[in-house]
Structures are given as C-alpha cells and as structure tokens.
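In what follows, a single structure is set out as structure tokens and then discussed.
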Amino acid sequence: MSAGAGIPTAAPTWLGRSGAVARARRTPRQSELVIGAALLALILLAALLAGVLAPVDPARQDPAQLLAAPGTPGHPLGTDHLGRDVLSRLLHGARTDLLIGIGAVIAPLVIGTAVGALAGYLGGWVDAVVMRMVDLVFAFPILVLLIALVFVLEPGVVSILVAIAVIDWVAYARLTRAQVLREKDLDYVLAARVGGLTHRRILVRHVLPNVIAQNVVYAVSDVVLIILAVTTLGFLGLGIPPPAADWGQMIADAQPYVGAQWWLAVIPGAAILITGIALSLLGDGLAARIERR
Amino acid sequence: MTALRFVARRLLIGLPVVIGVTLLVFVLIHLVPGNPARNALGTRATPQAVAALEHRWGLDKSLPEQYGRFVGRLATGDLGTSTSYNEAIGPLVARRLPVTLWLIVYATILACLIGVPLALLAATRPGGWVDGAVRFVSVAALGLPSFWLGILLAEWLGVRSGLFPASGFGEGFAGHLSSMFLPSLTVALGVAPLLIRALRAEMLTVATSDYVVTARSKGLSRWGVMRRHILRNALVPGLSVLAVSVSFFVGATIVVEKIFALPGLGDLMLQGISSRDFQVVQSVTLVLALLVIVVNIIADLATGWLDPRIEVR
C-alpha cells in the first residue's frame, strides 16, 4: 500500500518551486523512521514493564472508588465503572494488544511468504490454485470473515491467532509471488541454475533473501491493522476473555459513561491511535529506505 | 472489445469467486465444535429430537451432498430458518439490507466529499505545508479505530450538541439523511485516508506526464490543468480504491450499526452471535460477501465505461 503512495521520481517542477519536491522526497521519510521507531520503542517498553510500572493489579476492583477522575490519589488516570485502575489497565492492555498484534503477524508472514514464493517460482497449477485462494479471501469483507471465524471457533487468543492467520496470509502470498516472478528471470538466478544448484537452494538461499525485506516492512504496517482488528473484536465482545485487559474492551466498557467520564473512552482510544501512528511512520520510513536501495 | 463482451467476461470471472464464497461459508458452519443440531436445541434435548433436526437440516448426509443442498436452497433464495427469531432468514435479511446499503452509499459519498478536495489540495503543492498536514493526518488516521471514533462522534456531535441524531435509522428520506449522517461519517473517515493517499499519488504521477507538461507549456493555468487533465485521470484509480475499500465499508458497518443502534445486517449478525444462532451468522456473512462481489463488479464495469483503454484481463 505504501509503495504507491510515495512521490513519483520525476519531480513535477511546474507545480511549484523546483527544490520543494526533492526536499519532500528526502527529508520527511528519514525523520518518519526515527520518530516512529522511538515512539514504538517507548510503547513497547511500557508494555514489557507493565507489571512493574502499573500501580495496582489491573483486575482489582475498588468499590469505594468508582469512576474516579484522573488525578485522584493512587489513580493517576482515574478508575473505571468497577473501580479498576485505568493506568494499570492501559499498561496491561498495551501488553495484551501489542503482544497479540506482533505475535499474530508471524504466522501469516511465514505461511504467506512460503506459499507465495512457491507459487511464483513453480508457476503452473500450484500458482493457479494459490491465486484462486488469494482472490477468494480478498473478495471477502475481512472484518466480517474475522468475526465469523472467531465466533465459530469460540472467542479466545488461539481462535484470534488462527483466524488472522487464515485471512492474512494472502497479503504476503500476493506480495511475495509478485516479487519472485520478477526476480526469477534475473541473471543471478539464471546463473545459479546454470551452475547446477537445486531449485530449493536457489529459492531459499538466493531469491528469498531478496524479497523478505519488503515483506517485513509490510508486516510492520500490518501490525496496525491487526491491532485495530483485535481491539474491534474486543469492543464487540469477541476479544480476549477477561480478566486480561484489552484496549478495545476498555472502550466498550467506557461507552455508557462517555457523557460524563469521557476520558475513560478517550484514553485507550488515544493509545491505539498513537501506537498506530508509531507503526505507520516506522513502516513508511522503512519502505522508503528499501525503495532507495 | 464490445461492451457486451466486456460485461460478460467480467461476470464470468466473478463466478468462481461466488462459488468459492459459498464453499467457504458452508465450511464455516462445520468448524463449529460439536453437533449443530444439539447446539441449536440445547443440552437437555432428547436424542430423538436431535436426530429429527439433524435429518431436517440434512446433517445425516455426506458433506458434498450437504453442500449441494445448501447451494440448491440458496439458488431459490432460501437462507434457512433462524432458531432465535423463529422465522425464515431471507425476509429477515431483506428487511435489514436497506439500512446497510444506505450506510455504504452515504459513507462513499461523504468519503469522496472529504477525500477529493484534500487530495487535490495536497497534490497542488507537493512538499508544502498543506501537503505535509494532509499526509500526516492520513497516516495517523490509518490507525484510527472506527468504533472509538463512532462513540466520540455520537457523543460530541450527537448527544452533546444535538446537531444530529445519535441513534436509529430515522423516518423518511430526510430522516434517514440526518439520522445516518454520523454513522456514515464514521465509516467515511475510516476510508478517506486511503482515498487521499491513492488520489494524491495518482495526481502527482499524472502531473509528471508529457501531456500535462505540454498543456502547461501551452500556457494553461495550473488550476486549469489540475481540473481538466489531472483530476479527470485520477478519477479511475480513485474509483478502484473505493471499490477495494468496499470490503472495509462492509466490515465497518457492523461496528457502526452497533454504536448507533441501526437495524442493519451488521446488527443482525451481532444478534445472531449473542444468541448463538449459527444459521443467521452464516447467512449474513454470505450476504455481505456477495454484496462486496457485486459492488466490485459494478465498479469494474464503471471503470471500463469511464476509461475505454481498460480491458478485462
């Protein structure tokens, strides 16, 4: 997605000052990369240290302190309708959602890359079958399929991971196939074949290292989509079952109180938004780097 | 290629996907752990009752035979019977379809009203501050949770300011127009960033092409070139972004219908989930998937009509 969004190489000088396009092309992408990486590192750190940083147990209910405002002693971000500490839930939610977001991208990345590489390299009926499956999943409204799959598999972490893998591998398969198709007729592959190397060796040792970077970059942006999907499932009541804290569930809990205690909904939503920005900036910055290479 | 052949080929390409979708939805119900008949009747049902329901649903037949029956029923428009609503699912879906269609069409229009001017503004001066701002907002909005945005819009533009209704479908055309504004805006804001990114990139690509440079060198104004040449050529890719986004639109309707209490298909699906009515969930999944396919076919046909250079592969 980000590949087509960049500024085209030939600068449309007639549009404005001649240097502007070249500057726009060069500078922001570098700062994007740095800002995105730094922001993500902070969020990851907070998630990993949730157990240490969180003031109290995220599931502990305090009936004496229901819907306390931010700034209440002992509850810097206030408490929710059950008297649970919002800051603790936010930190533990970061752990849950980032862990699932990053964890869930691994299976689609590995499966999709492998299947896509085979399809592109072998061609023929393997390619035809794989591409029809890819078309099929792409034809589906993704969230609808995800909801249906998680529902029939019974909500839980494993179902969510399986459902995401079933749906998301197609993106990597399509990406990898297109790249392998391009690479396989290049001189170095032909040279390797003339040199008598096996197909397996050529694919794994020569072609894959050249296509994997693009997939990893895509995976970074993909984590945003997965976190959105997982929090959406949480909001719909199909997410990770309690007592685990999840940002989507936090927003769902906050919905009835959005009039008077608006921060209960705003805080976890802002957390999702900022995490998304960090990952998108990082992904865009990395994509720009690869393009330049 | 004549227009009729173009249409026929596009429909033929869609056929395997439709078959695949029915197959996938059929398999879906078989992923449910346990016996569907027992699930529907509850744990205290007698074995005779379970066996009777199994027979009525054809669960005692082989899988290919069951699939054949499933497709046969679909072909006559029979989506089965809901166990929770105790009525045929077909009419149930038909009653709720207009709400979801309203939402999708309205959101598409709003997404264009938001996306096209912003993309145009950003592409007129690439690298300028407007471009920077639009780009940052569109990157940030990629990670914007629709359900969160919907809740906040409902509260701030709906309940608190009273500008728009915060729930329900409304009465009559004007009523729908006002009641559906906030839900549609929520969906539109989710798609707008993608639209802006694609349109902006496309406009810049067109801007570097020879004929635009020629038009410019002939003395046409910047705005004239933008309107006459660039916008027009960016329209086709814009349309394809919208077509691809239909999948997102449809997904977002589920969330938005819940927030704004709209009696659409997404709401029906969630009702089906909470009452563990597998038939309803299966049927809605199928209908929404078919909806996406139909919209994509229409978009492809419209693209072919707008840009005669395009042929079906």
Side-chain angles (χ1 to χ4, degrees), chain A residues 1 4-8 10-12 14-16 20-21 23-25 28 132-133 135-136 138-149 151-154 221 224 227-228 231-232 235-238 248 251-252 254-255 258-259 262 265-266 268-269 272-277 279-281 284, chain B residues 16-17 20-21 24 28-29 31-33 124-128 131-132 139-140 142-149 151-152 154-155 159-160 194 197-198 200-201 204-205 207-208 212-213 216 222 246-248 250-252 254-255 258-259 269-270 273-274 278 281-282 284-285 288-289 292-293 296:
Chain A
M1 179 159 47
I7 300 170
W14 63 270
L15 276 171
V21 173
R23 258 202 316 283
R25 189 176 163 70
R132 288 297 80 72
M133 285 165 76
D135 285 347
L136 176 58
F138 268 113
F140 250 93
I142 291 168
L143 187 60
V144 176
L145 186 56
L146 185 65
I147 291 172
L149 274 173
F151 168 61
V152 297
L153 296 173
E154 306 290 324
S221 311
V224 182
I227 290 179
L228 277 182
T231 50
T232 302
F235 172 72
L236 295 175
L238 290 167
I251 295 174
Q255 198 184 356
V258 69
W262 52 268
V266 168
I272 299 174
L273 194 59
I274 292 170
T275 309
I277 292 174
L279 285 161
S280 296
L281 287 178
D284 277 9
Chain B
V17 181
V21 163
L24 195 59
L28 201 64
I29 209 90
L31 291 176
V32 180
T124 317
R125 288 192 188 279
D131 186 32
V139 167
L142 284 178
L144 187 68
S146 286
F147 61 96
W148 183 61
L149 183 70
I151 291 174
L152 296 185
E155 173 62 24
V159 176
R160 208 167 285 191
L194 294 179
R197 276 172 82 121
R200 175 185 170 279
L204 286 179
T205 309
T208 58
V212 168
V213 176
R216 213 22 210 164
R222 180 181 291 169
V246 168
S247 164
F248 172 87
V250 168
I254 298 186
V255 171
K258 177 182 157 86
I259 296 168
M269 184 168 184
L270 292 177
I273 286 175
S274 62
F278 292 95
V281 176
Q282 183 189 33
V284 175
T285 307
L288 291 179
V292 171
I293 294 172
N296 271 308

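Just so it is clear, the values below take in all heavy atoms, side chains as well, and ignore hydrogens, waters and symmetry mates. Numbers restart at 1 for each chain; the letters A, B, ... are given by sequence-line order, proteins then strands.
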Any idea which of [options] has the most non-hydrogen atom pairs under 4.5 angstrom with chain A?
options: B:A252, B:S146, B:A140; value: B:A140
options: B:V21, B:V17, B:I293; value: B:V21
options: B:V159, B:L149, B:V292; value: B:V292

Quick one: list whatever passes side chain to side chain contact (heavy atoms under 4.5 Å, CB included) with A:A252, sequence neighbours left out.
A:F235
Listed by chain and number, what are the side chain to side chain contact (heavy atoms under 4.5 Å, CB included) partners of A:L228, not counting sequence neighbours?
A:I272, B:P145
Going by heavy atoms in the side chains, are B:W148 and A:L273 under 4.5 Å from each other?
yes
Under a 4.5 Å cut-off applied to non-hydrogen side-chain atoms, are A:L146 and A:L238 in contact?
no
Working to the nearest 0.5 Å, report the span between [atom1] of [X] and [atom2] of [Y].
X: B:T285; Y: B:F278; atom1: OG1; atom2: CZ; answer: 12.0 Å
X: A:L149; Y: B:L31; atom1: CG; atom2: CG; answer: 7.0 Å
X: A:I147; Y: B:I273; atom1: CD1; atom2: CD1; answer: 6.0 Å
X: A:W262; Y: B:L152; atom1: CH2; atom2: CG; answer: 10.0 Å

Region of A:V224 in contact with chain B, defined by heavy-atom distances below 4.5 Å:
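Looking at A:V224, just its side chain touches chain B.
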A:I227, part contacting chain B, at a heavy-atom distance under 4.5 Å:
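Answer is neither: A:I227 stays 4.5 Å or more from chain B.
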Tell me, out of [options], who's got the most heavy-atom pairs with chain B below 4.5 Å.
options: A:I142, A:L279, A:I277; value: A:I277
options: A:L145, A:D135, A:V266; value: A:V266
options: A:I274, A:T231, A:V152; value: A:V152
options: A:G237, A:A265, A:A254; value: A:A265

For [X], is it the side chain, the backbone, both, or neither that has a heavy atom closer than 4.5 Å to a heavy atom of chain A?
X: B:I29; value: neither
X: B:L144; value: both
X: B:L28; value: both

